[in-house]
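This report concerns only the one structure given below.
Hydrogens, waters and symmetry mates play no part in the numbers below; they use all other heavy atoms, side chains included.
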Amino acid sequence: MYGLKEMLLQEQKRLENIIAKVSKNRKGAPEGRLRISVDNGNARYYQCIEDRYGEYIPRENIELPRQLAQKAYDDVVIKVAESRRKLITRCLKGYDDDEIEQLFTSLHPERQKLIIPVESTFSQMEAKWYSEPYVGKTFKEGAPVILTENGERVRSKSEKILADYFFRNNILYKYEKPLHLASGMTVYPDFTFFSKKLRKEIYWEHEGMMDKSDYVMRAVKKLNSYQLNGIMFGERLILTFETEQEVLNSKIVSELVDKYLR
């Protein structure tokens with residue numbers, strides 16, 4: 001399962017945060033454990049340190065039973081989280097999402113020609129995806145002609161900057177490839193990629209005039225249409241924004257590429 005390693009790493013981090021948080025709360029907890037006795041619907045609390053039955057906790061001391069109950073709960077949480085964290089650590093040791101693929105790609109090219117891999121490699125899948133023809137969105141008559149380094153026409157200087165960045169970094173994309181949503185609506189993402197992590201398409205929308213109210217309204221409608229069709233921001237939808245004062249930030253672009261397209 002591609003992306004499993006990333007999921008395991010995220011879960012490992014979550015568990016480590018839980019352990020750190022609970023361990024911090026655990027400091028200063030009172031001695032012993034809590035015993036609860038219920039008689040006719042009335043609960044009585046006892047603090048057990050050495051005696052199994054413990055010492056009765058007066059009703060006015062409401063904090064001590066809470067602290068002892070919290071302590072017992074925290075102890076169990078730490079135990080379970082530690083156990084799960086150790087299990088994940090063992091799973092991650094030597095694990096690689098691409099291990100089966102690497103058995104093929106590590107072979108000499110001449111040997112690869114003689115073998116049919118059990119699964120298509122990412123390069124094969126990406127090449128097939130990239131070779132599939134499509135009809136993009138048409139340009140209005142009289143619109144400025146802006147060409148990328150790859151000789152492709154785009155609609156704005158910022159889209160040219162993005163396209164040139166992808167081209168120089170050997171990242172295959174399709175410009176304004178139609179996306180037919182389950183709702184029946186068709187949208188034209190600025191850039192479409194075939195994700196190595198997800199083994200499916202992901203989309204990049206650059207919203208370049210966010211200081212113009214009419215543009216913002218159209219952008220919000222379009223972005224909502226993605227999410228209403230299960231394409232969520234931060235998962236399969238990458239977004240960048242721009243105004244006249246806040247231009248496209250190359251550092252943000254680089255970080256987004258590293259996170260989603262490497």
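In terms of the salt bridge (charged side-chain N to carboxylate O under 4.0 Å, His left out) criterion, residue partners of D75 (sequence neighbours excluded) are, by chain and number, R26. Residues forming a side chain to side chain contact (heavy atoms under 4.5 Å, CB included) with T89 (at least two apart in sequence, or on another chain): Q12, R85.
For the pair E201 and K174, the salt-bridge criterion is not met [side-chain N within less than 4.0 Å of a carboxylate O]. Using a cut-off of 4.0 Å between Lys/Arg side-chain N and Asp/Glu carboxylate O, K222 and E205 are scored as salt-bridged.
At most 12 non-hydrogen atoms from other residues, nucleotides or ligands lie less than 6.0 angstrom from OH of Y130. Applying the 6.0 Å contact sphere to CE of M217 captures no more than 12 heavy atoms from other residues, nucleotides or ligands. For E55, the CD atom is loosely surrounded, since the number of other residues' heavy atoms within 6.0 Å does not exceed 12. Atom OH of Y45 has 12 or fewer neighbouring heavy atoms from other residues, nucleotides or ligands inside a 6.0 Å radius. Residue R111 qualifies as open at atom CZ: its count of foreign heavy atoms under 6.0 Å is 12 or below. The neighbour count for R52 CZ, taken as heavy atoms of other residues, nucleotides or ligands under 6.0 Å away, does not exceed 12. In this structure, I116 places its CD1 atom where only 12 or fewer heavy-atom neighbours from other residues, nucleotides or ligands lie under 6.0 Å away.
Taking the ring axis of Y53 as reference, the NZ or CZ atom of R35 does not stay both within 45° of it and closer than 6.0 Å to the ring centre.
Two rings, from Y260 and F193, have their centers 6.0 Å or more apart. Note: F191 and Y203 fail the aromatic proximity criterion, with ring centroids not under 6.0 Å apart.
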